[in-house]
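Worksheet for the structure shown next.
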Amino acid sequence: MPIHWKRLDLRSKTTMPRPNTLTALYLQPVNTRQAFYSTERYEIGRFKTEDGRHKLWWHSSRGVNDPVRMRKHYDIWWCPVWEFDGF
């Protein structure tokens, strides 16, 4: 099955993954001259909300991040990831 990456846009529910869905992100630096944000990388995690609020947070092995702040440093692309079923 081919992977279809979509640009992350938090303004519309059709251009972002549903909360709690296992998701892969591709983070492409906007400015490669910045020391901490100069390399492209992939992350796997989930977008989650806090206590029923509308604000989404990105939860991955790197911790919890605000996707709005991440967009200041990266062009963000996403695709859904199938859950591991143990086989």
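Sorted by first and then second residue, the pairs that involve residues 54-64 and meet salt bridge (Lys or Arg N to Asp or Glu O under 4.0 Å), not counting sequence neighbours, are E43-R62, K55-D66.
In summary, the side chains of T14 and S12 do present a donor paired with an acceptor at a separation below 3.5 Å, with no hydrogens or angles considered. A donor-acceptor contact closer than 3.5 angstrom is absent between the side chains of R41 and Y26.
Of all heavy-atom pairs spanning W57 and V64, the tightest one is CB-CG1, 3.9 Å. In terms of heavy atoms, P67 sits closest to I76 at O-CD1, 4.2 Å. What you find for L56 and P19 is that their closest heavy atoms are CD2-CG, 4.0 Å. Scanning both residues, N20 and K48, for their nearest heavy atoms gives OD1-CG, 3.3 Å. Here the closest non-hydrogen pair linking L25 and W5 is C-CZ3, 4.0 Å. In this structure, T21 and T23 approach most closely via the heavy-atom pair O-OG1, 2.8 Å.
A search for ring-ring contact (aromatic ring centres under 6.0 Å, His included) contacts involving W78 returns nothing, not counting sequence neighbours.
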Start with the C-alpha distance between W77 and R7, add both sets of side-chain angles, then the distance that settles side-chain contact (heavy atoms from CB on, under 4.5 Å), and finish with yes or no.
CA-CA 4 Å; W77 298 82; R7 185 180 294 273; 3.1 Å; yes
Apply side-chain contact (heavy atoms from CB on, under 4.5 Å) to the pair I44 and L22, showing each step before the final yes or no.
CA-CA 7 Å; I44 294 190; L22 190 60; 3.8 Å; yes
Show your working on side-chain contact (heavy atoms from CB on, under 4.5 Å) between Y74 and L8 and close with a plain yes or no.
CA-CA 11 Å; Y74 297 103; L8 182 66; over 6 Å; no
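Here R46 contributes atom CZ and R18 contributes atom CZ; the two are 12.0 Å apart, rounded to the nearest 0.5 Å. To the nearest 0.5 Å, atom NE2 of residue H73 and atom CE of residue M70 are 10.0 Å apart.
Side-chain atoms of Y42 and L27, non-hydrogen and from C-beta on, never get closer than 4.5 Å to each other.
The backbone N or O of D9 lies less than 3.5 Å from a partner atom in the side chain of T15, making a donor-acceptor pair.
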